[in-house]
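Basis for what follows: all heavy atoms, side chains included, without hydrogens, waters or symmetry-related copies.
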Amino acid sequence: MDSLNIVVVYHSNCKASTDFLIQVSKLRDTEIEYINIKEDKIETEINVDTVPLIILNNDPSKVYKGKAAFDK
């Protein structure tokens, strides 16, 4: 089975984001890149209007925001 690649975009002052980071940190066999939207500058065509946000396997069709990120 291939490992999962996840990009997590979060805001360090957002409780939902920090709660999400705790859950993501429990994943195994997963490569995770963390982007703190408060401090890191990113260039993307994805509208980062809600955090937490995840992108699975660098696939623009697999972007999940807010509660959808938790559910995924």
Side-chain angles (χ1 to χ4, degrees):
M1 183 173 151
D2 292 333
S3 67
L4 185 62
N5 177 301
I6 300 176
V7 176
V8 177
V9 181
Y10 68 98
H11 191 288
S12 57
N13 291 347
C14 171
K15 181 169 175 13
S17 286
T18 55
D19 290 348
F20 185 71
L21 291 175
I22 292 168
Q23 295 305 314
V24 168
S25 70
K26 297 175 183 177
L27 295 174
R28 299 292 173 241
D29 298 320
T30 304
E31 183 179 327
I32 306 170
E33 177 183 351
Y34 297 96
I35 299 172
N36 181 348
I37 199 72
K38 179 182 175 186
E39 299 174 0
D40 300 329
K41 199 159 210 171
I42 60 171
E43 291 185 27
T44 181
E45 293 181 14
I46 297 169
N47 184 13
V48 182
D49 59 348
T50 304
V51 288
L53 176 146
I54 60 171
I55 305 165
L56 299 180
N57 296 326
N58 295 316
D59 185 341
S61 69
K62 294 183 180 176
V63 175
Y64 303 91
K65 299 176 181 182
K67 184 170 178 345
F70 274 98
D71 292 344
K72 194 63 177 169

Value rounded to 0.5 Å, distance of CG in Asn5 from CD1 in Ile55 | 9.5 Å
Do the side chains of Asn47 and Lys65 get nearer than 4.5 Å, heavy atoms only?
-> yes
If you round to the nearest 0.5 Å, how far is OH of Tyr34 from OG of Ser12?
-> 14.5 Å
Using atom types as modelled and distance alone, determine if a side-chain donor or acceptor of Asn36 lies under 3.5 Å from a backbone N or O of Lys38.
-> yes
To the nearest 0.5 Å, tell me how far Thr50 OG1 sits from Tyr64 OH.
-> 15.5 Å
Under 4.5 Å between any side-chain heavy atoms of Val63 and Ile54, yes or no?
-> no
Flag yes if Ile42 and Val51 sit in one hydrophobic cluster, no otherwise; membership is Ile, Leu, Val, Met, Phe, Trp, Tyr, and two members link when side-chain heavy atoms are under 4.5 Å apart.
-> yes
Ring centre gap for Phe20 and Phe70 strictly below 6.0 Å = yes
Indicate yes or no for a side-chain donor-acceptor contact from Asp40 to the backbone of Ile35 under 3.5 Å, with no hydrogens or angles considered.
-> no
In one Ile/Leu/Val/Met/Phe/Trp/Tyr side-chain cluster, 4.5 Å: Val8, Val48 | no
With distance as the sole test, does Thr30 use its side chain to make a donor-acceptor pair with the main-chain N or O of Leu27 at under 3.5 Å?
-> no
Go through the steps for Val7 and Leu53 under the test side chain to side chain contact (heavy atoms under 4.5 Å, CB included), then give the verdict.
-> CA-CA 8 Å; Val7 176; Leu53 176 146; over 6 Å; no
Heavy-atom side-chain proximity of Leu56 to Lys72 below 4.5 angstrom | yes
Here the gap from Ile22 atom CD1 to Ser17 atom OG, rounded to the nearest 0.5 Å, amounts to 11.5 Å
Going through the distances and angles, do Leu4 and Asn57 end up as a side chain to side chain contact (heavy atoms under 4.5 Å, CB included)?
-> CA-CA 6 Å; Leu4 185 62; Asn57 296 326; 3.6 Å; yes
